[in-house]
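All heavy atoms count here, side chains included; hydrogens, waters and symmetry mates do not. All of these numbers come straight from a predicted model, not from anything done at the bench. The sequence lines fix the lettering, A, B, ..., with proteins before strands; numbering per chain opens at 1.
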Amino acid sequence: MNLFTDIRALVLSAIGALQAEGTLPEGLNTAPVTVEPPRDPLHGDMATNAAMVLAKPARLKPRDIAEALATRIASDPRVSSAEVAGPGFLNLRLAPSLWQALPRAVLDRGADFGRSGMGQGAKVNVEYVSANPTGPLHVGHTRGAVFGDALASLLDFAGYEVTREYYINDGGAQVDVLARSVYLRYLEAHGQAVEFADGTYPGEYLIAVGEKLKERVGDRFLNTGEQVWLEEVRDFATAEMMDLIREDLAMLGVRMDRFFSEKSLYGTGRIEAAIESLKDKGLIYRGVLEPPKGKTPEDWEPREQTLFKSTEHGDDVDRPIMKSDGAWTYFSPDIAYHYDKVQRGYDQLIDVFGADHGGYVKRMKAAVSALSDGQTPLDVKLIQLVKLFKNGEPFKMSKRAGTFVTLRDVVEEVGPDVTRFVMLTRKNDAPLDFDFDKAIEQSRDNPVFYVQYAHARVCSVMRKAAQAGVDVSDAALSAADLSVLSHEAELGLMKKLAEWPRLIEIAAKGHEPHKVAIWLNELASDLHGLWNRGHDDPTLRFLQDDPATSQSKIALARAVAVVISAGLGILGVTPMEEMR
RNA sequence: GCACCCAUAGCUCAGCUGGAUAGAGCGUCGCCCUCCGAAGGCGAAGGCCUCAGGUUCGAAUCCUGAUGGGUGCGCCA
């Protein structure tokens with residue numbers, strides 16, 4: 001149930017009627033016609049721009065069209081008034097009974113209220129986190145993980161068939177570095193003094209891995225060369241790191257449908273197949289790139305390389321896919337990975353990257369465009385930095401000093417719910433300030449608390465009502481008389497609830513889960529507002545002397561709680577029933 | 001030098017993809033606890049939406065350019 005689409009259908013049918021009687025010409029494009037809540041509530045419940053967008057093609061004055069539409073639309077029983085305003089807006093007021101039907105609709109559909117069929121079951125692949133398997137996840141990864149996870153849930157709620165996927169970079173040189181670092185820790189476990197040279201990972205999290213390796217292989221790798229141990233240590237170490245990362249993700253409540261190994265692309269002909277596909281399209285050639293202007297590297301010299309003609313698909317320069325020694329560049333397995341995704345039949349791909357990979361977007365889009373013949377859209381969401389604060393003071397993070405903050409640190413400090421919600425209250429492309437103290441502060445300016453508190457308040461009222469002998473089951477509340485909810489503050493809250501299905505579609509369409517968090521904060525604010533009105537006006541309180549009236553009032557409160565709970569569910573946050 | 005992202009109240013940020021008089025929280029100022037939860041509530045002040053052009057009925061939103069900030073730029077992933 002989406003009132004906005006219902007009313008839009010009403011507007012369109014009115015347009016059709018006007019066409020039938022010859023007031024409006026045939027063949028008008030009605031796609032730009034929108035029905036939305038006006039910014040100013042004085043303008044009514046809904047406003048349509050129909051007259052203004054049709055004026056030009058119909059060669060009529062907007063206000064004339066609006067007048068004609070108004071007469072038609074006003075005759076519908078759902079509409080209590082239709083007036084023309086401003087340059088040609090048509091402002092509609094809806095019958096209170098329409099709004100009063102909302103709590104019942106919410107109670108009957110429960111957490112599924114607002115679920116949309118918009119996606120029509122289209123298959124979407126969301127790739128996120130994809131951190132190198134060389135260490136624990138840090139705060140930057142955390143934001144990407146939360147974002148990707150919430151986006152996936154949002155798309156699911158909007159009717160898409162979603163796959164959550166993690167790409168393991170276990171094929172490149174960095175896992176060799178990891179292996180060498182673990183080997184040093186292994187030597188250390190055997191009592192040897194070791195030194196961590198540049199290009200190794202000195203992190204202490206590898207000590208335990210070194211010891212575990214010792215338990216496993218004993219002294220078999222002592223006094224041997226890399227050719228003996230590198231492969232085995234590499235496989236062992238990356239498996240250990242992935243276990244660690246899986247644990248980190250589990251702490252946050254993030255689960256993946258699939259982990260895709262980069263290594264599985266090597267030696268299996270899969271990279272070759274992807275490149276071959278590009279070659280068939282005439283997009284692979286041998287050539288020499290121009291040096292970048294203005295910032296030519298010291299050691300620049302022209303080299304002939306195997307290149308992908310990504311400029312054919314919107315990139316700025318063609319990209320090398322093979323090094324001069326014949327090995328693949330890092331780009332090639334990525335092409336093969338996305339080729340695999342395209343071949344798995346997804347209708348849409350989404351990649352969630354850190355903002356430092358911004359320069360990588362165009363070539364990835366070019367690759368997907370080429371591989372799918374422009375059929376599979378790829379949306380790349382860049383996640384900006386997280387700045388950490390404690391007591392308002394910036395929290396310095398340095399990998400070299402070993403003081404980088406891990407996902408585990410954050411979750412252990414504030415909990416998964418707070419971590420997730422805070423990270424979703426900002427647009428993905430805006431930097432985020434994360435203050436440890438504010439995050440757990442229980443006050444108005446902490447949106448996590450504010451939304452949770454609204455939910456807990458409703459639960460509290462329901463407990464009280466139940467103690468007084470009032471039946472507050474969803475079935476009983478759904479049967480309550482909702483026509484008594486006629487106060488402007490109550491109607492306002494119902495109007496807010498009516499936005500939920502629409503908000504889901506807007507947020508899903510834009511791949512913007514933060515809109516859910518922002519909107520939940522508004523909904524909570526409206527509920528708290530109504531609650532506070534109860535201080536001055538006892539008739540607005542949820543608990544009334546008369547059980548039947550209590551049920552009516554609580555039906556509205558409960559509906560709000562159901563939607564908050566569903567919204568938090570999309571964000572992966574547990575609604576609290578009590579916060580004392 | 002080039003590409004991408006960003007610029008909205010003193011501060012931190014929303015702004016429903018082009019709609020009407022641009023919003024919220026914090027901070028500031030003034031009121032308010034006998035009241036279902038005062039870890040709060042009500043109200044006020046606060047704006048050249050960085051700047052300059054353009055597109056159109058209409059621009060914070062779209063296009064061009066400028067300024068300021070971030071990120072990246074051929075055998076590192």
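Closest contact between the side chain of A/F89 and the listed nucleotides B/C36, B/G19, B/C16 involves B/G19. For A/R426, whose side chain is taken as the heavy atoms from C-beta onward, the closest listed nucleotide among B/C4, B/U12, B/C57 is B/U12. Of the listed nucleotides (B/G19, B/U12, B/C5), B/C5 has the atom at the smallest distance from the side chain of A/D429. For A/H535, the listed nucleotide lying nearest its side chain is B/A38; candidates were B/A38, B/U17, B/A3. When the nucleotides B/U12, B/A77, B/C57 are ranked by their closest atom to the side chain of A/K56, B/C57 comes out on top. Each of B/C75, B/G15, B/A77 was ranked by its minimum atom distance to the side chain of A/R39; first place goes to B/G15. Comparing B/A77, B/G74, B/A14 by their nearest atom to the side chain of A/P320 picks out B/G74. The side chain of A/D356 lies closest to B/G72 when the candidates are B/C36, B/U21, B/G72. Checked against B/A38, B/A20, B/G74, the side chain of A/R457 finds its nearest nucleotide in B/A38. Here B/U17 is the nucleotide among B/G74, B/A77, B/U17 with the atom lying nearest to any side-chain atom of A/E512.
Residue-environment remark: CG (A/D546) exceeds the threshold of 12 foreign heavy atoms within 6.0 Å. More than 12 heavy-atom neighbours from other residues, nucleotides or ligands sit within 6.0 angstrom of CZ on A/R286. Within a 6.0 Å radius of NZ in A/K495, more than 12 heavy atoms belonging to other residues, nucleotides or ligands are found. Within a 6.0 Å sphere centred on CD of A/E304, other residues, nucleotides and ligands contribute more than 12 heavy atoms. Other residues, nucleotides and ligands contribute at most 12 non-hydrogen atoms within 6.0 Å of the CD atom of A/E577.
Among the atoms of the strands shown, base atoms are found under 4.0 Å from some heavy atom of A/A47. No contact: A/W519 has no heavy atom under 4.0 Å from any strand. Within the 4.0 angstrom heavy-atom criterion, no nucleotide atom of any strand lies near A/P447. As judged by a 4.0 angstrom heavy-atom cut-off over every strand, A/Y453 is placed among the base-contacting residues. When heavy atoms are screened at a 4.0 angstrom cut-off, A/R303 is found touching base atoms of the nucleic acid. Across all strands shown, A/M579 has heavy atoms under 4.0 Å from base atoms, whether or not it also approaches the sugar-phosphate. If you check every strand for non-hydrogen atoms under 4.0 Å, A/S460 touches a base. Nucleic acid contact class of A/K509 (heavy atoms, under 4.0 Å, all strands): none. Here A/E262 lies in heavy-atom contact (under 4.0 Å) with sugar-phosphate atoms only. At the heavy-atom level, A/A85 lies under 4.0 Å from base atoms of the strands shown.
Ring orientation note: the planes of A/F436 and A/F434 are nearly perpendicular, at an angle over 60° on the 30°/60° scale. In this pair, A/Y360 and A/F331 present their aromatic rings perpendicular. The plane angle is above 60°, beyond the 30 to 60° band.
For B/A14, one of the phosphate oxygens OP1 or OP2 lies less than 4.0 angstrom from a side-chain nitrogen or oxygen of A/K427. An OP1 or OP2 oxygen of B/A14 is reached within less than 4.0 angstrom by no side-chain nitrogen or oxygen of A/K515. Remark: A/H514 is in phosphate contact with B/G15, judged by side-chain N or O atoms under 4.0 Å from OP1 or OP2.
Remark: the separation of the P atoms in B/C57 and B/G65 is 25 Å, to the nearest Å. When the C1' atom is compared between B/G58 and B/C2, the two are found 36 Å apart, to the nearest whole Å. Comparing the C1' positions of B/G30 and B/G19 gives a spacing of 36 Å, expressed to the nearest Å. B/C4 and B/G23 have their C1' atoms separated by 29 Å, given to the nearest Å. Taking the P atoms as reference points, B/A22 lies 13 Å from B/A59, given to the whole Å. For the C1' atom pair drawn from B/C62 and B/C49, the interatomic distance equals 16 Å after rounding to whole Å. Nucleotides B/U34 and B/C29 place their C1' atoms 28 Å apart, quoted to the nearest Å. Separating the C1' atom of B/C33 from that of B/U28 is a span of 23 Å, rounded to the nearest Å.
Checking A/G510 against A/T48, the closest nucleotide of RNA chain B that is more toward the 5' end is the one next to A/G510. Along RNA chain B, the nucleotide closest to A/K323 and the one closest to A/R533 are compared, and the more 5′ of them pairs with A/R533.
Nucleotide B/G19 has B/C57 as its partner under the Watson-Crick or G-U criteria, with both atom distances under 3.5 Å. Base pairing analysis places B/C35 opposite nothing; no Watson-Crick or G-U wobble pair with both distances below 3.5 Å involves it. In this structure B/U71 sits in a base pair with B/A3, meeting the Watson-Crick or G-U test at under 3.5 Å.
As a whole-Å value, the separation of A/E83 CD from B/A20 P is 17 Å. Whole-Å rounding puts the A/H528 NE2 to B/G40 P distance at 11 Å. If you measure from atom CE of A/M52 to atom P of B/G18, you get 14 Å, rounded to the nearest angstrom. In this structure, CD1 of A/I383 is placed 13 Å from P of B/C6, rounded to the nearest angstrom. Separating the CG atom of A/L385 from the C1' atom of B/G69 is a distance of 13 Å, rounded to the nearest angstrom. If you take CG of A/D545 and P of B/C36, they are 14 Å apart, rounded to a whole angstrom. Per the geometry, CZ belonging to A/R143 stands 16 Å off P belonging to B/C5, to the nearest Å. Taking atom CG of residue A/D526 and atom C1' of nucleotide B/A24, one finds them 12 Å apart after rounding to whole Å.
Side-chain atoms of A/N91 and base atoms of B/A20 include a donor and an acceptor less than 3.5 Å apart. Applying the 3.5 Å distance criterion, the base of B/C16 shares a donor-acceptor pair with the side chain of A/R502.
Glycosidic conformation at B/U17 (O4'-C1'-N9-C4 for purines, O4'-C1'-N1-C2 for pyrimidines): syn, within 90° of 0. Glycosidic conformation at B/C49 (O4'-C1'-N9-C4 for purines, O4'-C1'-N1-C2 for pyrimidines): anti, more than 90° from 0.
To the nearest 0.5 Å, the span separating OG1 on A/T134 from CD1 on A/I245 amounts to 7.0 Å.
Between A/D176 and A/R234, some side-chain heavy-atom pair lies under the 4.5 Å cut-off.
In summary, the side chains of A/H357 and A/D351 do not present any donor paired with an acceptor at a separation below 3.5 Å, with no hydrogens or angles considered.
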